[in-house]
Amino acid sequence: MTEKQNRKAVEIPDFLTVRALADLMEVSPIQVIKELMDNGILANINQQIDYETAAIVAEEMGFETRPKAPPAVEEEIPMIPQPLKERIYEGEAPEDLEPRPPVVTMLGHVDHGKTTLLDVIRHTNVVAGEAGGITQHIGAYQLEHRGKKITFLDTPGHEAFTAMRARGAQGADIAILVVAADDGVMPQTQEAIDHARAARVPIVVALNKMDKANANPERVKQQLADVGLQIEEWGGQTICVPVSAREKTGIDDLLDNILAVAELAELKANPNRSAMGTVIEGELDKSRGSTATLLVQNGTLRLGDALLIEDLSGRVRAMFNERGEQVRKATPSTPVVVLGLSNVPHPGDTFKVVENEKTARAMAARRAEEKEKAAIQPARVLSLDEILDQIRAGQVKELNLILKADVRGTIEPIVDSLEKLGDEDLKVNILHQGAGNISESDAMLAVASRAIIIGFNVKVDPAASRTAEAEGVDIRLYDIIYELIDDVDRALKGLLEPVYKDVVSGHAEVRAVFTIPRVGKIAGVYVADGHVARNSLARIGRNDQLVYDGRVSSLKRFTEDVREVREGFECGVGLEGFKDFEEGDIIELYKKERES
């Protein structure tokens, strides 16, 4: 009796989604899905279940259940994921926030019509509301529909979308998933869905090419349901709008639905503060110098403002909208082209307005110096100890993984085994799974989501390898399933760290020691084998004792700074924090390589 009295009671309506049931019980949706599976029911997070099914799950999880009266409309579970409503900048007082237009991007398979649909939306609006048409292409544009503004990022593709997130940008608020009605869900469609989910943005499906004779929308809807996107008319929460970019039909309906999703998202910003936002494009114009397309995301950007963009500085000397018209200010969610920068910024860089140009230059110089120092350090892979520290602080509840295998048949048993690992504090969250080699898109998703990439019987594409090395992504390759599972289990327990080995790249003999004013002692060396490179790791041993282990700080041939000196040549070498050279010392040059 005492046990039943202590059980927490939950009121369950006649129908609710798996997510809603999890929210009612204040547990993870994954736990609910697993309990449903134990009862022979396969359901995704947005699938509706009836009262009887929900009650069985709740009671088996230790809750007392009772029916709930039909809820009022405003009590229904919102279509927009809750995290989107929290997308306001920290430190802003709620009373200072005002509604802002949504920022939208197009995702989808390569041939399904993303760019064409964007062009139709843009030009349809121009014909309706502007006389002269758009005079320049600026990578983002804003249109008005039914008296409300919508901002489109004209950078279609989940790679661009994820690259912005990887660089720290806020990115889009809504993702339009373009799926061809005659082709259906393709591998890139699945990738786009996973990237949008990882970004935690709502998805609106644009079912394109409805004008084609072989269009089969019902088949596509079933395919979407199979990958976890249950559309509204099938009882789910994903909006699906049939359109034809070629025939220019369904466009108004799509824009209406974007506004509806944005309204539910309650997107807000503070227009009465200094501007901050993201670089969409950067370009060197022959007549105007360095230009950048900026998307203002908070605050208001004004003519004359001093800008800091990563390690660049400047002042807004002129500002233009997408029609080439000069404007004096840009409010939240507004894209503009600005002139007056010291150099060309990179897409995805973040910017902010600072007090004055002097401050901007000083901060940019400091950032450039920090960037240069960071460039000579080896890329730091995702630290599992760091994840565990965040778990203890209550910041992280999942270990994000990207899983690639040689064939799809191998993926299912791996996923089943991985999902059984962990506990209530930390679970595996598979952001993306697929067959084939590890691609650059996988690496960018890992950067943006702080994920580890797991490969089974696959290789790493050269572009993915470069990105992983530059950004510090941990890629682990396996050919035995139980070793893969065991390593992930150890990672969840904080026991697995990347393993490095030292690879010797050369030896140099110290033949003379020179004292250089304001620099100190430099060794004149002969490269006996291999090569010496600036910033290479180096160590010196004497009498079976290690006397130095650090890095090459300077490298000269005669009076010239050089990057590398090969076997058989002489050069001058400086080592970080070391001046006690002796003639006859052997400097061993090496690098650290991560073992697979």
Side-chain angles (χ1 to χ4, degrees), residues 369-389 465 468-477 483 487 490-491 493-596:
E369 187 179 339
E370 290 170 357
K371 194 174 180 180
E372 193 172 324
K373 286 179 181 176
I376 67 172
Q377 300 297 325
R380 183 175 65 84
V381 299
L382 177 66
S383 164
L384 294 163
D385 277 345
E386 186 178 293
I387 285 183
L388 290 174
D389 288 342
S465 184
E469 188 175 345
E471 301 289 350
V473 174
D474 195 356
I475 299 178
R476 296 178 182 269
L477 303 176
E483 288 183 357
D487 270 6
R490 288 166 57 209
K493 294 170 181 170
L495 302 174
L496 186 65
E497 283 295 338
V499 178
Y500 291 91
K501 61 182 177 183
D502 293 349
V503 177
V504 176
S505 55
H507 294 88
E509 180 188 352
V510 177
R511 294 189 170 178
V513 181
F514 306 99
T515 301
I516 308 296
R518 292 185 294 179
V519 174
K521 290 186 176 181
I522 297 294
V525 307
Y526 171 78
V527 183
D529 61 75
H531 65 275
V532 180
R534 200 189 328 161
N535 300 326
S536 173
L537 296 173
R539 55 192 168 211
I540 299 174
R542 286 189 203 135
N543 304 320
D544 297 324
Q545 295 289 322
L546 184 69
V547 297
Y548 177 76
D549 193 355
R551 189 178 294 277
V552 174
S553 59
S554 65
L555 189 63
K556 287 180 179 289
R557 279 276 293 160
F558 304 109
T559 59
E560 297 294 321
D561 286 316
V562 292
R563 289 184 175 274
E564 182 180 281
V565 178
R566 305 201 71 81
E567 179 180 338
F569 291 91
E570 293 182 339
C571 58
V573 172
L575 299 179
E576 281 183 2
F578 185 76
K579 308 299 176 188
D580 301 325
F581 295 104
E582 293 182 6
E583 288 186 25
D585 279 344
I586 299 296
I587 304 174
E588 184 174 71
L589 293 311
Y590 70 100
K591 59 183 177 180
K592 288 190 175 290
E593 286 187 357
R594 192 166 76 240
E595 292 183 346
S596 298

Rounded to the nearest 0.5 Å, how far does [atom2] of [Y] lie from [atom1] of [X]?
{"X": "S465", "Y": "I475", "atom1": "OG", "atom2": "CD1", "result": "6.5 Å"}
{"X": "E588", "Y": "D549", "atom1": "CD", "atom2": "CG", "result": "9.5 Å"}
{"X": "R551", "Y": "N535", "atom1": "CZ", "atom2": "CG", "result": "6.0 Å"}
{"X": "I540", "Y": "I587", "atom1": "CD1", "atom2": "CD1", "result": "4.5 Å"}
{"X": "R534", "Y": "D561", "atom1": "CZ", "atom2": "CG", "result": "6.0 Å"}
{"X": "E564", "Y": "C571", "atom1": "CD", "atom2": "SG", "result": "10.5 Å"}

>> Pair E582, R542 - check side-chain contact (heavy atoms from CB on, under 4.5 Å), show working.
In response: CA-CA 10 Å; E582 293 182 6; R542 286 189 203 135; 3.6 Å; yes
> Judged by atom type as modelled, is there a donor-acceptor pair below 3.5 Å linking the side chain of S553 to the main-chain atoms of G574?
Replying inline: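 Yes.
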> Backbone N or O of G550 within a donor-acceptor pair of the R539 side chain at under 3.5 Å?
Replying inline: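 Flag not set: sc R539 to bb G550 has no pair under 3.5 Å.
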>> With side-chain contact (heavy atoms from CB on, under 4.5 Å) as the criterion, how do K556 and V562 come out once you've worked through the C-alpha distance, each side chain's angles and the decisive distance to 0.1 Å?
In response: CA-CA 6 Å; K556 287 180 179 289; V562 292; 5.7 Å; no
Minimum heavy-atom separation for [X] to [Y], with atom names?
{"X": "A533", "Y": "V552", "answer": "O-CB, 3.8 Å"}
{"X": "K521", "Y": "T515", "answer": "CG-OG1, 4.0 Å"}
{"X": "K592", "Y": "L537", "answer": "CG-CD1, 3.9 Å"}
{"X": "V532", "Y": "L589", "answer": "CG2-CD2, 3.7 Å"}
{"X": "F581", "Y": "V573", "answer": "CZ-O, 4.0 Å"}

Please output the side-chain donor-acceptor pairs of residues 522-530 that fall under 3.5 Å, not counting sequence neighbours, one pair per line with the distance.
residue: D529; atom: OD1; partner: H507; partner atom: N; Å: 3.4
residue: D529; atom: OD1; partner: H507; partner atom: ND1; Å: 3.2
residue: D529; atom: OD2; partner: H507; partner atom: ND1; Å: 3.3

> Can you list the steps and then say if E583 with E509 is a side-chain contact (heavy atoms from CB on, under 4.5 Å)?
Replying inline: CA-CA 8 Å; E583 288 186 25; E509 180 188 352; over 6 Å; no
>> Applying ring-ring contact (aromatic ring centres under 6.0 Å, His included) as the test, list every pair that has at least one member in residues 546-570; sequence neighbours left out.
In response: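 As it turns out, the ring-ring contact (aromatic ring centres under 6.0 Å, His included) pairs with a partner in residues 546-570, which skip direct neighbours, are Y548-F578.
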>> Does any part of the side chain of V565, heavy atoms only, come nearer than 4.5 Å to the side chain of R557, both counted from C-beta?
In response: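 SC-SC contact between R557 and V565 confirmed.
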> How about D580 and V547: do any of their side-chain heavy atoms sit closer than 4.5 Å?
Replying inline: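 A side-chain contact is absent here, since even the closest heavy-atom pair is not under 4.5 Å.
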